[in-house]
Peer 1: 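Here's a structure for you.
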Amino acid sequence: MKGTFPITQFRQIETPFYYYDTALLRQTLRSIIEESSRYRGFCVHYAIKANANPKILNIISQSGLGADCVSGGEIKAAIAAGIPGGKIVFAGVGKSDWEINTGLKHNIFSFNVESIPELEVINELAARQDKVARIALRINPNVGAHTHANITTGLAENKFGITMRDMEGVIDYARTLKNVQFVGLHFHIGSQILDMGDFEALCNRINDLQQQLDNHHIHVENINVGGGLGIDYHHPNRLPVPDFKSYFKTYAKFLKLRPHQTLHFELGRAVVAQCGSLITKVLYVKQGDFKQFAIVDAGMTDLIRPALYQAYHKIENITCDDPQETYDVVGPICESSDVFAKAVDLNRCERGHLLALRSAGAYGEAMASQYNCRQLPKGYTTEDLLW
């Protein structure tokens, strides 16, 4: 089963480009809001690093979600999209002074702090603005996730967060600083997680840490569990909306929240991945000794995930329904790793046919580069093509 695309309009647009199905995006947002609102105190922030396209951000802002930012530029993008500072959390292991000052200027909900030196700099910069910065400490829970090694973030070997051993001491120290206010704990164990047992393990670790803090009369107002929920890259048509019901239910069941606590989530990929496709044109079909290649005009500069993570994206020939043949789908970049898929079955390809690389709404356009002096791909929404 193929996805449905406005082929007539596509033929008038220079490839490669990103296409965003905004009806699916809105359906996904409705599911997030419906499932999260079943539980008291659940608050969802969209992780902007997944996709910062302004048109996408505007739709997400209109839904009422907050923002999870990892740079000063993302804070500016969130504000420009209409997301209020009071709904923005700012994470990242290396926040520069101008980025911290940007967060302070917009009175963001919290800085997710990852070290004592960072805590001290935030305190100093907040004092200069005569403000008190709300901070949550990012704790490294040393919880593994069943995902790619490059997108795990919660192990002791990763660069992120404060160790559990140092947690209480850093909280005590934060409370001595005049221009920061300790408001919560932040956790994040990785991305593209489909096993709810990984989130259950995080809940159990947080429960232990909360009990430890309770024993020392330290009460936490906010718990932020990050994001990490994955999508089905193999079946984007059959499973276009992630399993938000199981995701939120897992936290409701296993995390022992106190009555006064708010639980924050930072969902990115699960919000936007399935609504986006990279549309590319076949330049040549090349016959090799043992295989044939569909050489397309998109490359790893437009979608780096296959080269960087060996990630799978379903590919469809959306131009014709001819019988299938087997191809290696490759791009024009002067790198051997510029390969989207090997030995993939597609409807017979010819020069000029359009291919859709599915589930590319997250970490696609956002990670595009101009390597080889290539132009950045443009992004179009359903509304853009209503001519």
Side-chain angles (χ1 to χ4, degrees), residues 22-48 50 56-57 59-68 78 83-84 86-89 109-110 112 136 141 143 145-146 154 183-211 219-232 235 238-275 361-362:
T22 51
L24 177 55
L25 174 58
R26 291 187 171 94
Q27 180 186 351
T28 303
L29 291 166
R30 286 193 297 270
S31 179
I32 292 171
I33 293 167
E34 178 182 349
E35 297 301 335
S36 64
S37 63
R38 295 180 188 274
Y39 309 103
R40 184 201 62 80
F42 280 25
C43 180
V44 181
H45 306 260
Y46 167 63
I48 289 182
I56 299 299
L57 287 184
I59 293 172
I60 292 171
S61 172
Q62 291 165 15
S63 77
L65 265 59
D68 161 45
I83 299 173
K87 287 187 174 183
I88 295 175
V89 294
F109 180 80
S110 75
N112 295 338
V143 171
H146 295 85
V183 299
L185 298 176
H186 176 231
F187 304 86
H188 184 63
I189 59 174
S191 184
Q192 186 49 23
I193 299 170
L194 296 171
D195 184 349
M196 296 300 143
D198 292 339
F199 299 122
E200 181 181 343
L202 174 61
C203 290
N204 292 334
R205 181 56 50 82
I206 295 173
N207 291 339
D208 292 341
L209 294 175
Q210 285 241 79
Q211 187 58 55
H219 303 296
V220 182
E221 180 182 346
N222 298 278
I223 301 292
N224 185 326
V225 292
L229 178 64
I231 66 158
D232 192 326
H235 304 101
R238 193 171 74 197
L239 296 168
V241 178
D243 188 4
F244 296 113
K245 182 176 183 178
S246 295
Y247 177 71
F248 291 118
K249 185 177 180 179
T250 297
Y251 281 102
K253 180 177 180 180
F254 294 103
L255 188 59
K256 299 176 182 177
L257 285 180
R258 281 45 176 171
H260 64 280
Q261 288 181 325
T262 299
L263 183 61
H264 298 261
F265 300 87
E266 299 169 344
L267 293 170
R269 182 195 315 267
V271 181
V272 294
Q274 294 291 36
C275 79

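Start at 1 with the first residue, then count along the sequence. Only heavy atoms go into these numbers, but all of them, side chains included; no hydrogens, no water, no symmetry mates.
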Peer 1: For the residue pair Tyr247 and Tyr251, does the interplanar ring angle fall in the parallel (under 30°), tilted (30 to 60°) or perpendicular (over 60°) class?
Peer 2: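 Ring orientation, 0 to 90° scale: perpendicular.
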
Peer 1: Quick one: does Lys253's side chain have a donor or acceptor within less than 3.5 Å of a partner on Glu200's backbone?
Peer 2: no

Peer 1: If you take all heavy atoms of Val183 and Ala136, which pair is closest and at what distance?
Peer 2: CG2-N, 4.5 Å

Peer 1: If the test is side-chain hydrogen bond (donor to acceptor under 3.5 Å, both in side chains), which one of His186, His45, His188 qualifies with Glu266?
Peer 2: His186

Peer 1: Answer yes or no: is there a donor N or O on one side and an acceptor on the other, between the side chain of Glu221 and the main chain of Gln261, under 3.5 Å?
Peer 2: no

Peer 1: For a quick test of reading the model, state the closest non-hydrogen atom pair linking Ala362 to Arg269 and the distance between them.
Peer 2: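 Looking at all heavy atoms of both residues, the shortest contact is CB-CA, 3.7 Å.
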
Peer 1: May I have the step-by-step check of side-chain contact (heavy atoms from CB on, under 4.5 Å) for Leu255 and Asn207, ending in yes or no?
Peer 2: CA-CA 6 Å; Leu255 188 59; Asn207 291 339; 3.5 Å; yes

Peer 1: Run the side-chain contact (heavy atoms from CB on, under 4.5 Å) check on His264 and Phe109 step by step: do they pass?
Peer 2: CA-CA 11 Å; His264 298 261; Phe109 180 80; 3.7 Å; yes

Peer 1: Let me confirm one number: the CD1-CD distance from Ile206 to Gln211, rounded to the nearest 0.5 Å.
Peer 2: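 Between atom CD1 of Ile206 and atom CD of Gln211 there are 14.5 Å.
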
Peer 1: Please find the pair of heavy atoms, one from Val241 and one from Gln27, that lie closest to each other, and give the distance.
Peer 2: CG2-NE2, 3.7 Å

Peer 1: Tell me whether Arg26 contacts the main-chain N or O of Ser63 through its side chain, where contact means a donor paired with an acceptor under 3.5 Å.
Peer 2: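 Looks like no, no N/O pair under 3.5 Å.
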
Peer 1: Do the side chains of Leu229 and Ile193 get nearer than 4.5 Å, heavy atoms only?
Peer 2: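 The answer is no, as the side chains (C-beta and beyond) never meet within the 4.5 Å cut-off.
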
Peer 1: Heavy atoms only: give me the nearest Ala78-Ala67 pair and the separation to one decimal.
Peer 2: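 Minimum heavy-atom contact is CB-CB, 3.9 Å.
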
Peer 1: Pair Val272, Tyr46 - check side-chain contact (heavy atoms from CB on, under 4.5 Å), show working.
Peer 2: CA-CA 9 Å; Val272 294; Tyr46 167 63; 3.6 Å; yes

Peer 1: For the residue pair Lys87 and Ile83, what are the closest heavy atoms and their distance?
Peer 2: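 Closest heavy-atom pair between Lys87 and Ile83: CB-CG2, 4.2 Å.
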
Peer 1: Donor-acceptor check, side chain of Arg258 to backbone of Lys256, threshold 3.5 angstrom: yes or no?
Peer 2: yes

Peer 1: Restricting to non-hydrogen atoms, name the atom on Thr28 and the atom on Ala270 that form the minimum distance, rounded to 0.1 Å.
Peer 2: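 That would be CG2-O, 3.6 Å.
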
Peer 1: Could you tell me whether the side chain of Ser61 and the main chain of Leu57 form a donor-acceptor pair under 3.5 Å?
Peer 2: no

Peer 1: Carefully, step by step, assess Leu25 and Val271 under the rule side-chain contact (heavy atoms from CB on, under 4.5 Å).
Peer 2: CA-CA 7 Å; Leu25 174 58; Val271 181; 4.2 Å; yes

Peer 1: Ring pair (Phe, Tyr, Trp, His ring centres under 6.0 Å) with Phe265: which of Phe244, Phe248, Phe199, Phe187?
Peer 2: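 Checked Phe244, Phe248, Phe199, Phe187 against Phe265; only one passes ring pair (Phe, Tyr, Trp, His ring centres under 6.0 Å): Phe248.
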
Peer 1: Are any side-chain N or O atoms of Glu35 and backbone N or O atoms of Asp243, one a donor and one an acceptor, separated by less than 3.5 Å?
Peer 2: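 Judged by distance alone, no pair lies under 3.5 Å.
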
